[in-house]
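No hydrogens, no waters, no symmetry mates; every other heavy atom, side chains included, goes into these values. Lettering of chains follows the sequences in order, A, B, ..., and the numbering in each one begins at 1.
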Protein chains: 2
Amino acid sequence: MTTMKDISKRAKVSIATVSAVVNQSSFVSPELTNRVNKAIEELNYRPNAIARSLKKKSTNTVGVILSDILNPYYPAIVKGMDDVAIKNNFSVILCNTSNDQSRFLSYLDLMEEKRVDGLILANISDPEDLLEIEKRKLNFVLVNRRPPGYNTSYVGINNELALETAVDHFATLGYERIAYIGGNSELSTSKERLNGFVKGMRKNGLQISNSLKFEGEYTQDSGYASAIKMLKEVKVLPDAICASSDLIAFGVIKALREHGMRVPEDIAVMGNDNNYFSEEFLVPLSTINHPTYEMGKLGMEMLLQGISEGANHNPKQIILTPSLVVRESCNFIHREKVIAK
Amino acid sequence: MTTMKDISKRAKVSIATVSAVVNQSSFVSPELTNRVNKAIEELNYRPNAIARSLKKKSTNTVGVILSDILNPYYPAIVKGMDDVAIKNNFSVILCNTSNDQSRFLSYLDLMEEKRVDGLILANISDPEDLLEIEKRKLNFVLVNRRPPGYNTSYVGINNELALETAVDHFATLGYERIAYIGGNSELSTSKERLNGFVKGMRKNGLQISNSLKFEGEYTQDSGYASAIKMLKEVKVLPDAICASSDLIAFGVIKALREHGMRVPEDIAVMGNDNNYFSEEFLVPLSTINHPTYEMGKLGMEMLLQGISEGANHNPKQIILTPSLVVRESCNFIHREKVIAK
DNA sequence: TTGAAAGCGCTAACAC
DNA sequence: GTGTTAGCGCTTTCAA
């Protein structure tokens, strides 16, 4: 591997001069510049970022720690991050924890050892985890989920508004008895979404039945299981269901259909997050769109800004606004009810 | 940031001793070991991987260059890679080119500058690109696609067999007039799949009509466009369609339905690759399963093996076997035809 | 305008 | 067993 020393010899200049032309960090006469560039060309020189990093104490690298790359919610986020990273000459080290806490911890250590300039963490909900991160004294921003009370360097979406919008939509269509099937209640996003559901129900003068509230995971299987449970336990079924994610909605719809219920004719279902596939799901899913690409993009921009501004960086949070997407899974109008009013 | 020097002072030992206990690289008396560990604890020392890399001329980091992380084919591959990387104490720098050649090139430069120990490239088809990679003289393995004639350090799947299997399935069900809707014909996977289709048709004594062969991209939009084209141009429609990917099949089915054709009653459709969502697509898609997680896992294992074995590494290729998944998109039996035989 | 030299934090050869 | 030291490839200060 050729080094600056090799170049300096061949171009008959000092190493400092080579460095100056490579980095354009100070003026070098055209003559020497040429000789250096020629040598670089001939020897196929490529600067060693490791050595540079050691000297400069910065790596132009950021770590991204994700909870689950298989969840279709995240690839667009990653792409948003990657796009802005490369535009700013940063690389991203991707770490997928598969929701494994010990893996999360060892990734944190690893990132610290690799001296990344900053960290983006998608899906930190546990205050303990936040402590672990803060201990390391490095730039970071949280994305999507966040621990209770955390208000700095965060980009997420307005989950409360998302579910409120879903309920509003149901209300507009005349649905009244609405169930809620959510994810893990400990996650910030779950809490916010449930809050939004409650808020929406109240606002629309609708009654919330505790027997129609279900919790589980943000997965299709969990949605399926919750729906089965509902079908078994509930005497008078709801006429509509708010699922707190599209994946959950998929599972719910699958369960309903397997039990002979038609969507939306018998029970309407709304998703949330606008999964890539929800438009072509068994029944095209009405849902709430989340600007995920934007979330990744803004998260990385926030991080890089924090890195470049250093101590005098002013932390902030960005909350993106979700929007209604109407398809077919709740388009069955309850004419009688609407007329009756 | 505390360094070995700080530790050595506090523990009143030499730097070499600190290094020895941190890396367990040579015997140190229990007494000194204790002092060192205590100092490490107290000062919250974390080794600097950058400095270590500079010295050792290896980074324990590999680059992964992907053509499109938004395509649902890839997340599982990435997960497979990441899982084996972390198990072997390697980090992965993820690079998503979004199918942009200039971005690919600049990522290659970047990876070289960052001195990654190796590179995995998902989706190199162009011999020129391969040349670019080989120029850099670093360990690499190709995954999924490959340029013509490339037979070293590769893991992919048997694409020919995949399409052959699809045709066999159609033939078994009594379908005879079978169309093919493929991806970009320059990609290795496309060629292999088309070959498999042709082979399967011949083997089953079925006639291939050139007017029933379409090319495009590996996207839903492209599948949609090809199907529209077929609907317009072809006088006598096929009774079945082989799509070369599930995404294409999705587009095809969408187009057919929009034009009043039922799947599978009017036209049957087979996909290929077993997308995460194909089971719950508008019509549950019969397809060919690809072991993508395995592909990523084996790709990374191959790379790490190549890195550790160095010059005396014996390059090889691994071709994984796809398998039939029967669902509903081609389950309409042509009784008359079958009986007629 | 150019070059000499110190030093980033670590490893490893060698000396004691 | 432990310590001294050179040097990985680069940046940057300072002197010339």
- Rounded distance (Å) that lies between atom P of D:dG7 and atom CZ of B:Arg52: 22 Å

- Message: Here's a test for you: under side chain to side chain donor-acceptor pair (under 3.5 Å), which of A:Asn96, A:Thr292, A:Asn123 qualifies with A:Tyr74?
- Response: A:Asn123

- Item | Donor-acceptor pair between B:Gln101 and B:Asp129 side chains, under 3.5 angstrom | yes

- Query: Rounded to the Å, how far apart are B:Leu32 CG and D:dT2 P?
  - Reply: 4 Å

- Side chains of A:Lys114 and A:Thr59: is there a donor and an acceptor less than 3.5 Å apart? no

- Message: What's the closest nucleotide to the side chain of A:Leu54 if the choices are C:dC10, D:dG9, D:dT12?
- Response: D:dG9

- Residues B:Lys56 and B:Asp117 bridged, charged N to O under 4.0 Å: no

- Query: Distance only, no hydrogens: is a donor on one side chain within 3.5 Å (strictly under) of an acceptor on the other, for A:Tyr150 and A:Ser188?
  - Reply: no

- Message: At less than 4.0 Å, is any side-chain N or O atom of B:Asn48 found next to OP1 or OP2 of C:dC8? Yes or no.
- Response: no

- Query: For D:dG1, does either OP1 or OP2 sit under 4.0 Å from a side-chain N or O belonging to B:Ser29?
  - Reply: no

- Task: Check if the side chain of B:Lys5 and the base of C:dG9 share a donor-acceptor pair of N or O atoms closer than 3.5 Å.
- Result: no

- May I have the distance from A:Arg115 (atom CZ) to C:dC10 (atom C1'), rounded to whole angstrom? 11 Å

- Query: For DNA chain D, whose closest nucleotide is more 5', that of B:Phe27 or that of A:Asn23?
  - Reply: B:Phe27

- Message: At 4.0 Å (heavy atoms only), tell me whether A:Ile15 reaches a base, stays on the sugar-phosphate, or touches nothing.
- Response: base

- Item | Rounded interatomic separation in angstrom, taking NZ from A:Lys55 and P from D:dC10 | 13 Å

- Note on the structure: Rounded to whole Å, the CD-P distance (A:Glu113 to C:dC10) equals 10 Å

- Query: Where the side chain of A:Thr3 is defined as all heavy atoms beyond and including C-beta, which of C:dT2, C:dA5, D:dG9 is the nearest nucleotide?
  - Reply: D:dG9

- Query: Just checking A:Ser19: base, sugar-phosphate only, or nothing, at a heavy-atom cut-off of under 4.0 Å?
  - Reply: base

- Query: What is the distance, rounded to the nearest whole Å, between atom CD1 of B:Ile50 and atom P of D:dT11?
  - Reply: 14 Å

- Message: Please compare B:Lys57 and B:Thr33 by the position of their nearest nucleotide in DNA chain D and report the one closer to 5'.
- Response: B:Thr33

- Item | For atom CG of B:Asp6 and atom P of C:dG9, their distance in whole Å | 8 Å

- Looking only at side-chain atoms of B:Met4, point me to the closest of D:dG9, C:dG3, C:dC10. C:dC10

- Query: What integer distance in Å separates A:Gln24:CD from D:dT11:P?
  - Reply: 13 Å

- C:dG3 phosphate, OP1 or OP2: any side-chain N/O from A:Ser14 under 4.0 angstrom? yes

